[in-house]
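First up is the structure itself, then whatever we jot down about it.
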Amino acid sequence: MKLRGLYAITDSQLLAGKFLSYVEAALEGGVTLLQYRDKSSDEARRLREAEALRDLCERYKTQLIINDDAELAARLNVGVHLGQTDGPLSPTRALLGSKAIIGSTCHAQLELAEQAAKEGASYVAFGRFFNSNTKPGAPSCSLDLLDEAKRTLHLPICAIGGITLDNAAPLVAHGVDLLAVVHGLFGADSTAEVTRRARAFNELLKV
Ligand SMILES: Cc1ncc(COP(=O)(O)OP(=O)(O)O)c(N)n1
Ligand SMILES: Cc1ncsc1CCOP(=O)(O)O
Ligand SMILES: [Mg+2]
């Protein structure tokens with residue numbers, strides 16, 4: 001199955017008090033990948049929330065991805081997203097098995113993506129493309145890099161960083177398969193608006 005569509009990413013602060021209702025609203029509108037991103041060290045809460053998301057994702061046939069934490073992903077039998085300092089890809093592939101979805105942060109560097117592809121990544125993520133409230137310090141990436149990535153890589157390409165319904169179209173035009181979004185999706189002021197945004201992202205991607 002080719003990975004293509006909306007990649008929703010959770011944010012503990014943004015979703016405080018409305019975590020599952022907002023995630024479910026997004027799944028209702030259509031989510032290809034859902035990433036559980038929680039930078040806290042509260043292991044018990046992380047396990048509890050990740051299990052709740054796994055159950056929700058099973059109901060909606062959405063693939064759950066855990067950010068940073070291959071051990072938690074292995075425990076729940078779901079995918080993982082690894083940044084450049086989150087541990088090596090090859091042993092993670094061995095741990096999770098050949099079918100697991102494993103994503104790799106490649107910032108704005110094609111060489112990192114080529115390396116990730118060799119080591120068994122399922123998709124590569126470039127960004128940030130726009131100003132991001134969630135991660136303002138992430139290195140920025142240009143649309144030109146996407147053209148080159150499209151020519152040289154044979155993996156689904158994910159874009160991240162400040163993506164909204166108003167700025168996503170050029171990313172799609174430059175070949176992005178997965179639009180990874182936090183604020184542009186979950187920054188909505190109602191569950192109905194989250195669902196509407198999810199649907200609209202999918203329409204942009206024609207999925
Ligand atoms: C889909 C996707 N792309 C990039 C990232 C960023 O990963 P990383 O560089 O490890 O930064 P943190 O998200 O862990 O702060 C991501 N999480 N997801
Ligand atoms: C995790 C991450 N990595 C690069 S930008 C970013 C944050 C994406 O969040 P938003 O869609 O709110 O900019
Ligand atoms: Mg990380």
Side-chain angles (χ1 to χ4, degrees), residues 3-15 31-41 46 63 65-70 72-73 79-93 101-187 197 201 204-205:
L3 289 175
R4 185 176 171 85
L6 174 60
Y7 189 166
I9 302 184
T10 67
D11 180 289
S12 332
Q13 278 84 48
L14 190 61
L15 294 176
V31 171
T32 299
L33 300 180
L34 175 75
Q35 183 184 122
Y36 176 53
R37 181 173 182 271
D38 178 296
K39 304 300 282 186
S40 81
S41 49
R46 283 167 54 75
Q63 304 275 354
I65 308 292
I66 306 289
N67 189 40
D68 293 340
D69 190 343
L72 181 56
V80 71
H81 182 92
L82 296 179
Q84 290 299 319
T85 55
D86 297 327
L89 272 168
S90 303
T92 303
R93 171 60 69 204
I101 298 175
I102 302 179
S104 172
T105 299
C106 300
H107 302 297
Q109 296 174 52
L110 217 48
E111 311 76 55
L112 292 179
E114 279 156 5
Q115 187 61 29
K118 274 193 209 134
E119 292 180 24
S122 313
Y123 68 83
V124 288
F126 295 108
R128 64 180 168 90
F129 282 91
F130 307 104
N131 292 335
S132 169
N133 287 328
T134 310
K135 195 153 183 171
S140 69
C141 183
S142 74
L143 289 173
D144 293 345
L145 182 110
L146 290 175
D147 298 335
E148 220 178 322
K150 221 44 207 173
R151 272 197 305 276
T152 55
L153 299 169
H154 304 282
L155 278 183
I157 292 174
C158 172
I160 190 166
I163 298 172
T164 66
L165 283 167
D166 292 332
N167 63 24
L171 297 168
V172 177
H174 285 260
V176 162
D177 302 288
L178 291 160
L179 291 170
V181 190
V182 181
H183 262 80
L185 178 66
F186 290 123
R197 289 185 187 185
F201 276 115
L204 271 175
L205 285 156

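- Pairs engaging residues 124-150 under the ring-ring contact (aromatic ring centres under 6.0 Å, His included) rule: none recorded [sequence neighbours left out].
- Side chain of Arg4 to backbone of Leu178: no donor-acceptor contact under 3.5 angstrom is found.
- Remark: the backbone N or O of Gly161 is not paired with any side-chain donor or acceptor of Ser132 at under 3.5 angstrom.
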Test side chain to side chain donor-acceptor pair (under 3.5 Å) on Ser142 and Asp144; report intermediate values, then the result.
CA-CA 5 Å; Ser142 74; Asp144 293 345; 4.6 Å; no

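- At least one side-chain heavy atom of Leu14 sits less than 4.5 Å from a side-chain heavy atom of Val182.
- Judged by distance alone, the side chain of Ser104 and the main-chain N or O of Val124 form no donor-acceptor pair under 3.5 Å.
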Checking Arg46 against Ser12 for the side chain to side chain donor-acceptor pair (under 3.5 Å) test, could you report, in this order, the C-alpha distance in whole Å, the side-chain angles of both residues, the deciding distance, and whether it holds?
CA-CA 10 Å; Arg46 283 167 54 75; Ser12 332; over 6 Å; no

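- In this structure, OG1 in Thr105 is found 8.0 Å from CG in Leu82, a value given to the nearest 0.5 Å.
- Here the CG atom belonging to Asp147 is positioned 5.5 Å from the NE2 atom belonging to His174, to the nearest 0.5 angstrom.
- For the pair Arg197 (side chain) and Gly184 (backbone), a donor-acceptor distance under 3.5 Å is present.
- The shortest side-chain heavy-atom distance between Arg93 and Ser122 falls under the 4.5 Å cut-off.
- With hydrogens and angles ignored, the 3.5 Å screen pairs no side-chain donor or acceptor of Asp11 with any backbone N or O of Thr134.
- Once rounded to the nearest 0.5 Å, the distance linking CG of Leu72 with CD1 of Ile66 reads 4.5 Å.
- Remark: Lys150 NZ to Ile157 CD1 distance equals 4.5 Å, nearest 0.5 Å.
- In this structure, the side chain of Arg37 does not engage the main chain of Asn67 through any donor-acceptor pair within 3.5 Å.
- Here the side chain of Arg128 pairs no donor or acceptor atom with the backbone of Ile160 at under 3.5 angstrom.
- Applying the salt bridge (charged side-chain N to carboxylate O under 4.0 Å, His left out) rule to Lys39 yields the partners Asp68; only residues at least two apart in sequence or on another chain are considered.
- Interatomic distance, Tyr123 OH to Leu3 CG, rounded to the nearest 0.5 Å: 8.5 Å.
- Inspection of the Glu119 and Gln115 side chains reveals an N or O donor paired with an N or O acceptor under 3.5 Å.
- To the nearest 0.5 angstrom, Thr152 atom OG1 is 9.5 Å from Glu111 atom CD.
- For Thr164 (side chain) and Asp166 (main-chain N/O), a donor-acceptor pair under 3.5 Å exists by modelled atom type.
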